[in-house]
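Here's the structure, in structure tokens; my notes come after.
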Amino acid sequence: MNESLPFEPSPVLFAEVLIPLALPRNFTWALPPELQDKAMPGMRVEVVLGRNKKYAGIIKKLHDKKPAAFDPKPVLNLLDETPILHAQQLLFWEWMAHYYLCSEGEVMQAALPTHFKLSSETILLFNDAAGEDFSHLDDEEFVVAEALLIKKELRITEVQQLLDASHVYPVIQRLLEKKVCLVWEELKQTYKEKKETFILLHPQYNTDEKLADLLNNWTAKAPKQLELLLAYLHLEKTEGEVTKSALLSKSGASADQLKGLVSKAILLEEKRTVDRLKSLPANVSINFTLTPAQETALAQLQDQFSQKAVCLLQGVTSSGKTLLYIRLMEEALRNGKQVLYMLPEIALTAQVIRRLREHFGGHIVIYHSKFNANERVELWHKVKSGEAKIVLGARSSVFLPFRDLGLVIVDEEHDSSFKQQDPAPRYNGRDAAVFLASLYQAKVLLGSATPSLESWYNVKQGKYGLAQLTERYAGIDMPQIGIVDTTGLRQADKSRVILSPALEEAITQTLQKNKQVILFQNRRGYSPYQVCQSCGWIPHCKHCDVSLTFHKLHNKLVCHYCGTIYPPVVICEACGNHDFQQQNFGTERIEESLVERFPHAKVARMDIDAIKGKHAHDALIQLFEQQRIDILVGTQMVVKGLDFDHVQLVGILDADAIMGFADFRVNERAFQLMEQVSGRSGRKGEQGLVLVQTRNPRHPVLAWVKAHDFETFAQAEMSSRQQFGYPPFTRLIQLSFKHKTADVVQAAARQFAAWMTPNFGAYLVGPAAPVVNRVRNQYIMDLLIKLPRDLHLLQQCKDQIQLLTAHLHQQPPFKSVIVTPDIDPI
DNA sequence: AGCACGCCGACT
DNA sequence: GTCGGCGTGCTC
């Protein structure tokens, strides 16, 4: 019966496991017989890596090929009974690691909620073999040894409580040497279900009669308890169920009074597991009609989706793109599919959420950076089971384990915040979403008023479908744009002008009409700093090649690159003078001068410094919506995801700061930004006005913005991109080399470039030192590669980069040079 | 990412 | 003479 047949599948013996680390390749563990028929890809396993470090890894593959080069260690445990993700996630992670040149472990690290990752905790075990003779121990060692003898094991935190927390490690070290104890690592499950105590009426009063009996015969004693009981009965009637905390806070009773009722067996306490994500009724209400223009666009999209996986919806600001999204989402829902709606984090405002909740209620879940780890685990499960139908989230929501994804919407698709900059994986959420969708045969809708040139190119190539909305909703005109030439204008103190007379006049008029004003200030290059009045010296960071930003609120200097905080400078390091001034050209300074000039207007500031936490942001938006603020000054935040009905005037205070960057995307960014900003002006009722202050009024971008002419802009920009060999006509890869010695990075980068030259010499730019050439005491060199659009060449180049990086690390002088590839840098 | 091993400087 | 710094390499 059980003889082995020649074609019988061999038993699965090994598991390729992903570990949340930047390992160069995936590792393999052996599955002990008792786990072999339970293990499945996507389940977490407990494994030991190295001496005794434990990790929760994820099984990627099961196989029976014994590795030749090493003897795999055994998997200790299966941590899940069912996989925590779908097969698509593993494929998605693999693609991302390959495409963005990082390890699958790094992708896993970014993808999984922290509580799935489990941290290991060091445990001290008593070594029975050492015996109980502690005479050779000093006082502190003795204390720990005694405790260990009794408890047999201690965690580090417990040892810290036993001793003076400052020096537990040396003591543990000595105990280890004297063999009194052993260490072991234990995996700690950090996800905790949320429990809440509910209050119930004791079953002995389960009929009205018995209850009435109890109330009628209440003794004169304990009137407070009677009061509490009545409060309970009221709450129970109105809310259905009563939690302990709600009862106590609403009745104002004390915990002791409740305890009294419980001990008399009148009320009962019961602990129940509850859901952290409050659920709303899950009904769909689509109760609006589309304009003819919207209907046409919707039909176009539906038509194109029959042939194309990705469509672009280009619609001018307030053309009602969201209504089309809602229609498509509803359609996906009707087909039993899930929807991922991605937008830039900063645009994920209460206003946007409220608007979608109106239509989809409890079908929508939100995923953003303010979520805590426990909430993320619960959301993960809801998405995996398919219970959550629509996910509204930022970049990282592409990692959620969709069961049956039917539609992905990437709103504000051009936004650069979809690209993750710092820790690997340096992925673009929009592009990753397109790939993810392909795994589910789902459709992707990219939406923007000012599409990225990459997406526009894909439309022109026929790869993406297109629908356009060229007029604003409800027949509002596009705002009128005025260019204010500030050349020659100077403030009394000779500093650059903040408010031109023209803008001041426009503000006055707008305020007179009881309308609101938004003033936009690009933050870059406008951070407050300290400067010596005698010699112009500016304090710099000790570890980075940047000047320090002055934070007025905390009266501190801060390095925005490494985060180091310094006290304000009093003595100039260059000339010894004591004459320091704070230059603050930021929104703060603008706010000050507005208050001065418009003393009766209510002015508020919205930037990272003024907004602490999401709630302050939402609160400020509400105040502005309710017209309790007249003038709102801010950075990017004021233009994303917000619609205000009474804004009549938008001022762009310094367009030169937007247009003056030395980077090939300046024009694209400038156009996008100004178009987005001006879109805030003129909603209900009349046409809005936008005033752009510049010293370069003939800049071509301004003309396109003035005409709201995306297509002409795109055409012009495309031809210059083509001419200079930039995306979308090429693919970029940026390599950063970092090392603590300037000469070493330089040599390494040059060496690397020299090795690349035979195959890719024509495409290299640099190596060169970036503008900020030292961060955290590491010198930096950048090498840019501009590849023609050719998938084979791209792959070849990536392979070559990985090979040469390994090769570089074999050269003794370059061993510790860090090489970071950035694919499709922004 | 940890962690151990190993080779050079500032102390008992 | 030793303690300890961190540079380097390895972990299935």
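In what follows, chains carry the letters A, B, and so on, assigned in the order in which the sequence lines appear, proteins first and then strands, with residues in each chain numbered from 1. Side chains included, hydrogens not; waters and symmetry mates left out as well; all remaining heavy atoms used.
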message: Between A:K53 and B:dA1, is there a contact of a side-chain N or O with OP1 or OP2 at under 4.0 Å?
response: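 No.
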- prompt: Under 4.0 Å between a side-chain N or O of A:K815 and OP1 or OP2 of C:dG7?
  reply: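 False: A:K815 side-chain N/O out of range (4.0 Å or more) of C:dG7 OP1/OP2.
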Can you tell me the distance, in whole Å, between the [atom1] atom of [X] and the [atom2] atom of [N]?
X: A:K54; N: C:dC12; atom1: NZ; atom2: P; value: 14 Å
X: A:Q811; N: C:dG9; atom1: CD; atom2: P; value: 12 Å
X: A:L18; N: B:dA1; atom1: CG; atom2: P; value: 17 Å
X: A:Y55; N: B:dA1; atom1: OH; atom2: P; value: 10 Å
X: A:L23; N: C:dT11; atom1: CG; atom2: P; value: 11 Å
X: A:K73; N: C:dC10; atom1: NZ; atom2: P; value: 15 Å
X: A:K740; N: C:dC6; atom1: NZ; atom2: P; value: 11 Å
X: A:N777; N: C:dG7; atom1: CG; atom2: P; value: 12 Å

Ring-face cation of A:R776 near A:Y561 (centre distance under 6.0 Å, axis angle within 45°): no
Closest-nucleotide 5' rank along DNA chain B - winner of A:E106 and A:R51: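 This one resolves to A:E106.
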query: Going by the angle between their ring planes, with limits at 30° and 60°, are A:W95 and A:F92 parallel, tilted or perpendicular?
result: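 Ring orientation of A:W95 relative to A:F92: parallel.
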field: Among A:R731, A:R426, A:K798, A:K786, salt bridge (Lys or Arg N to Asp or Glu O under 4.0 Å) partner for A:D824
entry: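 Filter result, single survivor: A:R731.
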Indicate, with a heavy-atom threshold strictly under 4.0 Å, whether [X] touches base, sugar-phosphate, or nothing.
X: A:P67; answer: nothing
X: A:T28; answer: base
X: A:V48; answer: sugar-phosphate

task: Look up atom CG in A:L400 and atom NZ in A:K384, then write down how far apart they are to the nearest 0.5 Å.
output: 13.0 Å
field: A:W93 versus A:Q89, side-chain donor and acceptor atoms under 3.5 Å
entry: no
